[in-house]
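This report concerns only the one structure given below.
Small disclaimer: the values here were computed from a predicted structure and weren't measured. Basis for what follows: all heavy atoms, side chains included, without hydrogens, waters or symmetry-related copies.
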2 protein chains.
Amino acid sequence: METTWEQQLRTAGLRVTRPRLSVLGVLAEHPHVDADTIATAARTVHPSISPQAVYGVLKALVGSGLARRIEPAGGPALYELRVGDNHHHLVCRGCGLIADVDCVVGQAPCLQPSDAAGFAVDEAEVVFWGLCADCQVARRTHVHGTNSAFEEGVIA
Amino acid sequence: METTWEQQLRTAGLRVTRPRLSVLGVLAEHPHVDADTIATAARTVHPSISPQAVYGVLKALVGSGLARRIEPAGGPALYELRVGDNHHHLVCRGCGLIADVDCVVGQAPCLQPSDAAGFAVDEAEVVFWGLCADCQVARRTHVHGTNSAFEEGVIA
DNA sequence: CTCTTGATTTGACTGAATCAAGAAAGCGAG
DNA sequence: CTCGCTTTCTTGATTCAGTCAAATCAAGAG
């Protein structure tokens, strides 16, 4: 697995560098992370890595299709290594937890708009909003505000 | 129509103020606008309105259900008056143009994830990415880069 | 008309991300 | 193995969207 990243980088026409391997390592362990968390985690392996290097690496990875960038409303961009399978995401309104959902249909775009209004659609992005199991419990226990942040448009 | 806003504000328990009426006026004319554009446009009617007032008004409108906030990846948040019908959006990768798409199914969430992973889902947000009619032409005419900005992950 | 409460202004501030210039490292050719 | 070109990383400044807080101002109930 370790060497695979090296190969993948080369295949993508990218040089194999320490910052890139560190970032890939972090992404492999954490399915959905923001740039800042990646920088912090990567520093345990490569202490001198700069935040901007992380942005640069991520841009290169996304640009070459090795990683995917998702931008849930109300938070920083997140990155994941799972690419090419056009899956979707569940986002928790309470704690920001993200889970993957397999796409029912196979290829992108998995959905077609009822009226495309002249658009050539190449991707249908689906985000399911709700409460994760833990936050549902926390809500019911009525300790309103236990789980920090993200409090806002909860519909129920 | 003019007076309806006043009524709607009152019904929502909000005071009727000049900044709020100005912002509502702008939103009624432009279906999908960002806060900055709203501020600029509102100033033609109410010159002294401050940018922060616009943020305040928008937060109040969204909070009371009179407006909806959407946040397409890679751009500032946009606001629209069309609420309560759970419709979706088409976004142009070329120029950022946004079009509404009626939801095929009626109520939210219109879609259910195949495996909710314990989440209580209350909304399915769908964004269709592609090229609008104009940008398709511009692309074909090969004047690459005519339509500013937004250039990046075009799949085709 | 007056008073209370809610809204707006003003101005400072945060967080995420980009840009630019110089230094450093990858890696192919010799 | 070494050279040297090119890509990538570092450092530091800068933008952009949006928030926060204190003070002023106005809506509208009484």
With sequence neighbours left out, the residues meeting side-chain hydrogen bond (donor to acceptor under 3.5 Å, both in side chains) with A:His46 are A:Ser48
Taken to the nearest whole Å, CG/B:Leu78 to P/D:dA17 is 11 Å
Mind listing the N/O atom pairs, protein and nucleotides 11-16 of chain C, below 3.5 Å?
none

All pairs passing salt bridge (charged side-chain N to carboxylate O under 4.0 Å, His left out) where residues 67-82 of chain B contributes a residue, at least two apart: B:Arg68-B:Glu80, B:Arg69-B:Glu71, B:Arg82-B:Asp85, B:Arg82-B:Asp100, B:Arg82-B:Asp102
Listing, residues 11-19 of chain A side-chain donor-acceptor contacts under 3.5 Å, not counting sequence neighbours, or none:
| unit_1 | atom_1 | unit_2 | atom_2 | d |
| --- | --- | --- | --- | --- |
| A:Thr11 | OG1 | A:Gln7 | O | 2.7 |
| A:Thr17 | OG1 | A:Arg20 | N | 3.4 |

5′-ward residue of the pair A:Val57/B:Tyr79 relative to DNA chain D: A:Val57
With sequence neighbours excluded, what pairs up with B:His87 under the ring-ring contact (aromatic ring centres under 6.0 Å, His included) test? B:His89
So, using side-chain contact (heavy atoms from CB on, under 4.5 Å) as the criterion, who are the partners of A:Ala120 when residues are at least two apart? B:Gln136
Kindly give the atom pairs (protein nitrogen or oxygen, nucleotide nitrogen or oxygen) under 3.5 Å for nucleotides 26-30 of chain D.
| unit_1 | atom_1 | unit_2 | atom_2 | d |
| --- | --- | --- | --- | --- |
| D:dA27 | N3 | B:Arg15 | NH1 | 3.3 |
| D:dG28 | OP1 | B:Arg10 | NH1 | 2.9 |
| D:dG28 | OP1 | B:Val16 | N | 3.1 |

A:Ile49 has an atom CD1; how far is it from atom C1' of C:dA23, in whole Å? 17 Å
Between CD of B:Glu71 and P of D:dC16 the distance, given in whole Å, is 19 Å
side-chain contact (heavy atoms from CB on, under 4.5 Å) involving B:Ala133 - partner list, sequence neighbours excluded: none
Here the salt bridge (charged side-chain N to carboxylate O under 4.0 Å, His left out) pairs for residues 34-46 of chain A, sequence neighbours left out, are none
Distance-only check: which donor-acceptor pairs under 3.5 Å involve side-chain atoms of residues 54-64 of chain B, not counting sequence neighbours?
| unit_1 | atom_1 | unit_2 | atom_2 | d |
| --- | --- | --- | --- | --- |
| B:Ser64 | OG | B:Ala60 | O | 2.9 |
| B:Ser64 | OG | B:Leu61 | O | 3.3 |

Reading DNA chain C 5' to 3', how would its secondary structure be written in dot-bracket notation, given Watson-Crick and G-U pairs with both distances under 3.5 Å, brackets [ ] for crossing pairs and | for partners on other strands? ||||||||||||||||||||||||||||||
Kindly write out the residues that satisfy side-chain contact (heavy atoms from CB on, under 4.5 Å) with B:Ala53, not counting sequence neighbours, or none if the list is empty. B:Ile49, B:Ser50
